[in-house]
Amino acid sequence: MVRLSSEILALAVGLLPQLVQGAGLNTAAVAKGKLYFGTATDNPELTDTAYVTQLNNTDDFGQITPGNSQKWDTIEPTQNTFSYTKGDVIANLAKANGQKLRCHNLVWHSQLPSWVTSGTWTNATLLAAMKNHITNVVTHYKGDCYAWDVVNEALNEDGSYRESIWYTTIGPAYLPIAFATAAAADPNVKLYYNDYNIEYSGSKATGALNIVKLIQSYGVKIDGVGLQGHFIVGSTPSQSSQASTMAAYTALGVEVAITELDIRMTLPSTDALLAQQKTDYSGTVAACVATKNCVGVTIWDWTDKYSWVPSTFSGQGAACPWDENYVKKPAYTGILTALGGTATSSTTTSAVSSTSSTSTTTSSGSSATGVAHWGQCGGSGWTGGKTCASGYTCTYFNDYYSQCL
Ligand SMILES: O[C@@H]1[C@@H](O)[C@H](O[C@@H]2CO[C@@H](O[C@@H]3CO[C@@H](O[C@@H]4CO[C@@H](O)[C@H](O)[C@H]4O)[C@H](O)[C@H]3O)[C@H](O)[C@H]2O)OC[C@H]1O
């Protein structure tokens, strides 16, 4: 009842209906006792005003993660020369918006500069370089990060250690040493081990459990396990499987978070794939909701326009809850309902229609019904049909947003 009144008020004063507080993903997550619902972002897309408008919407996003700008190759491209410009842009954006920042990442086998991958190292020299990097970066962002992904993807699929430069030169002790170094630089930040395909039981999840135990056995602090959640429509692990795996981690005294959620499909998308994607997103988020020490969910960017998927997995995409035109997909409603939120008219109209056929109509560019459109009615940014369907009138809200009502 209250929400309906807010919508009427918002319409009356010409506000964007989707900004009505109380309707979004982060608001619903916090109401469920979670710390945040968030999204990854990256520097290049921050020049897109409509993108940033939604990124800044704390009703949907209470947390952001830099997708690339805190990685080793960006921050320390040359040994002992640190460049924080890109990372700071995102850290400052989070600060300005009052959003939590998940910091990503300190030690990984990928996106390393050549001075690391091609250097001639001994155990002692590589340890010194790793500790120097961690100390500098964690100190620079001290107080800014809710959590650091201290080590990313240390495992093979069979649960053995990945033959990275870290493992082959230093051995498994690089993990506890990395965590101890981060803890010394910022005793208050949460320290995570982060990986993919550890969201369901199996050898790799066992490997991740063993990493937590290894770090703890050294008397070193580890606060959390990050479950990346890069899934495939129709092959996403079930809610119960994800929840029971989360329980195995939290039984070791650490929290968990879903840190990089996206659910990709073989293109082109169809109504059936979008419906299955909604189910898959919903079950995954519901697993976190059902797990007391699952603190939050982060999607790996919110719009298909800037998703990493098509450039990494040939022929696949449409992995995010918003399409490339910033129209909410059925997945959005799936997430919201898993978070205990209600799909109101502000959700369904500015976002997805409750029927997948409307989404298809919109993305195919034929006449639009009660759905959101970025841009002015009939203008160049008008992303759906150039005209509203019979019985609907195009209503202008602002330069970015119009809707067939
Ligand atoms: O701009 C992009 C960044 O967005 C990108 O960020 C990384 C993306 O995810 C994380 O690393 C990847 C995780 O998925 C692995 O592939 C999996 C293989 O097994 C499959 O079953 C599973 O479905 C797949 O997801 C990739 O091999 C990993 O690289 C990483 O934590 C993020 O930083 O990084 C590259 C930039 O170009």
Side-chain angles (χ1 to χ4, degrees), residues 38-48 51 55 64-75 77 86-87 89-90 101-113 117 137 145 147-160 162-164 166 178 191-205 207-208 211 224-237 241-242 245 256-266 276-277 280-281 284 297-320:
T39 180
T41 188
D42 207 355
N43 300 74
E45 54 239 46
L46 299 181
T47 56
D48 176 339
Y51 173 89
L55 182 67
I64 54 180
T65 304
N68 284 299
S69 39
Q70 291 178 324
K71 289 174 178 172
W72 197 310
D73 58 354
T74 300
I75 284 194
K86 287 183 177 172
V89 167
I90 292 174
L101 186 71
R102 284 201 87 262
C103 290
H104 174 81
N105 57 56
L106 293 169
V107 181
W108 192 24
H109 65 278
S110 184
Q111 294 183 258
L112 289 169
T117 51
V137 179
C145 311
W148 264 109
D149 291 329
V150 178
V151 175
N152 199 34
E153 302 174 3
L155 294 169
N156 292 316
E157 293 306 294
D158 66 0
S160 61
R162 184 190 290 273
E163 302 275 308
S164 67
W166 312 111
L191 303 179
Y192 272 60
Y193 175 70
N194 191 52
D195 212 331
Y196 61 89
N197 291 345
I198 61 163
E199 303 87 350
Y200 48 91
S201 67
S203 307
K204 197 168 182 184
I211 282 177
V225 175
L227 313 172
Q228 290 186 6
H230 293 294
F231 295 137
I232 298 171
V233 168
S235 305
T236 298
S241 152
Q242 293 192 58
T245 310
V256 293
I258 300 173
T259 54
E260 306 186 16
L261 181 60
D262 54 21
I263 308 185
R264 60 187 188 265
M265 60 183 73
T266 298
Q276 182 62 47
Q277 184 182 53
D280 293 345
Y281 263 106
T284 300
V297 176
T298 306
I299 48 178
W300 206 243
D301 225 319
W302 56 271
T303 163
D304 293 337
K305 183 170 182 182
Y306 297 117
S307 170
W308 72 303
V309 167
S311 62
T312 308
F313 303 99
S314 176
Q316 298 182 54
C320 301

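Read the numbers this way: they start at 1 and go in the same order the structure lists the ligands and their atoms.
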Quiz item: With a cut-off of 4.0 Å, which atoms of ligand 1 are near a heavy atom of K71?
Solution: 3 (C), 5 (C), 6 (O), 7 (C), 32 (C), 33 (O), 34 (O)
Quiz item: Measuring from D280:CG to I263:CD1, what's the distance to the nearest 0.5 Å?
Solution: 5.0 Å
Quiz item: Is there a donor in the side chain of S203 and an acceptor in the side chain of D158, or the other way round, less than 3.5 Å apart?
Solution: no
Exercise. Provide the number and element of each atom of ligand 1 under 4.0 Å from a heavy atom of E153.
Key: 10 (C), 11 (O), 12 (C), 13 (C), 28 (C), 30 (C), 31 (O)
Practice problem: Evaluate the ring planes of Y51 and W302, with Trp represented by its six-membered ring, and classify them as parallel (under 30°), tilted (30 to 60°) or perpendicular (over 60°). | Solution: parallel
Exercise. Please state which part of N152 comes within less than 4.0 Å of ligand 1, counting heavy atoms only: side chain, backbone, both or neither.
Key: side chain
Quiz item: So which bit of N197 gets within less than 4.0 Å of ligand 1, heavy atoms only: side chain, backbone, both or neither?
Solution: side chain
Quiz item: Rounded to the nearest 0.5 Å, how far apart are OH of Y196 and CG of L155?
Solution: 9.5 Å
Quiz item: Does ligand 1 have any atom that is closer than 4.0 Å to a heavy atom of E157?
Solution: no
Self-check item: Part of K204 within contact of ligand 1 (heavy atoms, under 4.0 Å)
Solution: neither
Quiz item: Does ligand 1 have an atom under 4.0 Å from some heavy atom of W108?
Solution: yes
Quiz item: Which one holds for F231 and ligand 1: side chain close, backbone close, both close, or neither close, with close meaning a heavy atom under 4.0 Å?
Solution: neither
Quiz item: Is N68 touching ligand 1 with its side chain, its backbone, both, or neither, if touching means heavy atoms under 4.0 Å apart?
Solution: side chain
Quiz prompt | Per-atom contacts of ligand 1 with F313, taking only distances under 4.0 Å to non-hydrogen atoms | solution = 16 (O), 24 (C), 25 (O)
Self-check item: Test log, rule salt bridge (Lys or Arg N to Asp or Glu O under 4.0 Å), inputs K86 and D42
Solution: CA-CA 9 Å; K86 287 183 177 172; D42 207 355; over 6 Å; no
Self-check item: N/O separation below 3.5 Å, D42 to ligand 1
Solution: no
Quiz item: When the ring centroid of W72 is compared with that of H109, is the distance short of 6.0 Å?
Solution: no
Practice problem: Mark yes or no: R264 above the aromatic ring of F313, with NZ or CZ under 6.0 Å from the six-membered ring centre and no more than 45 degrees from the axis. | Solution: yes
Self-check item: E153 and Q228: side chain donor to acceptor below 3.5 Å
Solution: yes
